[in-house]
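So that the names make sense, note that chain A is the first sequence line, chain B the second, and so on, each numbered from 1.
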Amino acid sequence: MASIRIRARGELEAEVMRLLWAESQPVGASELAQKFPEPQPAYTTLMTALSRLERKGRVVRSGDSPRKIRFSPSRSDEEYASETMMTALGGAGDRRAALLAFAGNLNDEDLDLLRANFGKGPE
Amino acid sequence: MLLTALACVACAALIAYFAPSLMTVGRWQLLHPRTALAAWFGAFFLGMALCVAALMLSVGGAVSASVSTPVLDAILLTLGGWVSLALFGALAFFVVSSAAPVVASERMSSATLASVATSREEFAGYTLVRFDSSDEIAYAVPGRRPAIFLSSAMERALTPPQLLAVVAHEYAHLRQHHGFAVLVAKINAACLPGLNQGRSLNRATTLLVELAADDAAARQVGAVFLANALVTLARNSGDQSMQLRADRLAGKQWPRRRGIGRHDTERKLLAR
């Protein structure tokens, strides 16, 4: 009996995005399915994932008839990576415990203390 | 035994009350941040040790009460033991509930940040992860696999020796376990809401870890490179704290540096 590989939650969407980023032109769902490594997802499963990505604003749909519908990523992988990074960094103050950033950790009281003892101010 | 336990609690309370005032006299803590950090945490852990000793003494006293113990003493010892255990339970619950969001946040941010890397390079003690961003960002992520993240804009803005100084600053955070210190101070502040003691340790830790990492990087790479990196980044971002950190470095005496580029890590970073 052939084994069925079950993708982890969100894995299909991540693979769809990786394949779309690799393409220079918009691609249709059938064509995209061919680019998947085995096991290829069913057409309907892929359309569901693409519709979900479209709702999230990560994919743009183009084409004037159902047979000619093509999909392309709304942002490049670099733009998306940068945005994700900024979201992760701009979150809660609790994250300071995990991330020791080079700048932006000192508050106004710290600045006053440093200014009173060492401050020359910008030239 | 109960009296000794009460004495331990009194000593812990005295340390908590006087330590913040004593630590912030003069500007010695700004000139010697690592020593100051050790003093703050020495006082903190001494206070904790005294509380644990008081707990053990009061529970030990309650357990050792026997038939021959006078009735009033036996009641006091038993009551002391139960009160101590109740306080310990409440404290443990508070610590665990305060730590949970911080730890969850650490896991989430590490996973998110690791997924956006454009390159990874292994060095002794950490992984250097580069990512694309138009913002000048560098930070360290402590943990089982410590990493230093550098944005492309940061690499473009600085010269190789200045960049090396920034990496040395972040590496000092990892080597001196600043992530753990910040975490302990944050949980302590959450356990003492509204009290100056919790806030003082938290505030001192945030400032002192930055200054201690600056000093370590200045000794390792050269104060001039770190100060110049701070001035450049302050100019680009308008963040005055970096200008003040540069002023502090410029006002200190530094031992003569033996020249950068001797270590493998330095050579690799300078070669860019």
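- A cation-pi arrangement is present between B/Arg245 and A/Phe102, with the terminal nitrogen or guanidinium carbon under 6.0 Å from the aromatic centre and inside a 45° cone about the axis.
- Interface check for chain A: of the options B/Arg235, B/Glu136, B/Met154, B/His169, the most heavy-atom pairs under 4.5 Å are formed by B/His169.
- Interface remark: B/Leu226 contributes side-chain atoms only to the contact with chain A (heavy atom separation under 4.5 Å).
- Residues that satisfy the salt bridge (Lys or Arg N to Asp or Glu O under 4.0 Å) test with A/Arg61, not counting sequence neighbours, are A/Glu54.
- Two residues are said to be in side-chain contact when any heavy atoms from C-beta on lie closer than 4.5 Å; A/Glu23 and A/Lys35 meet this criterion.
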Quiz: residues 31-40 of chain B side-chain donor-acceptor pairs under 3.5 angstrom, not counting sequence neighbours:
none

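- Proximity to chain A (any heavy atom under 4.5 Å) is restricted, for B/Leu233, to the side chain, taken from C-beta onward.
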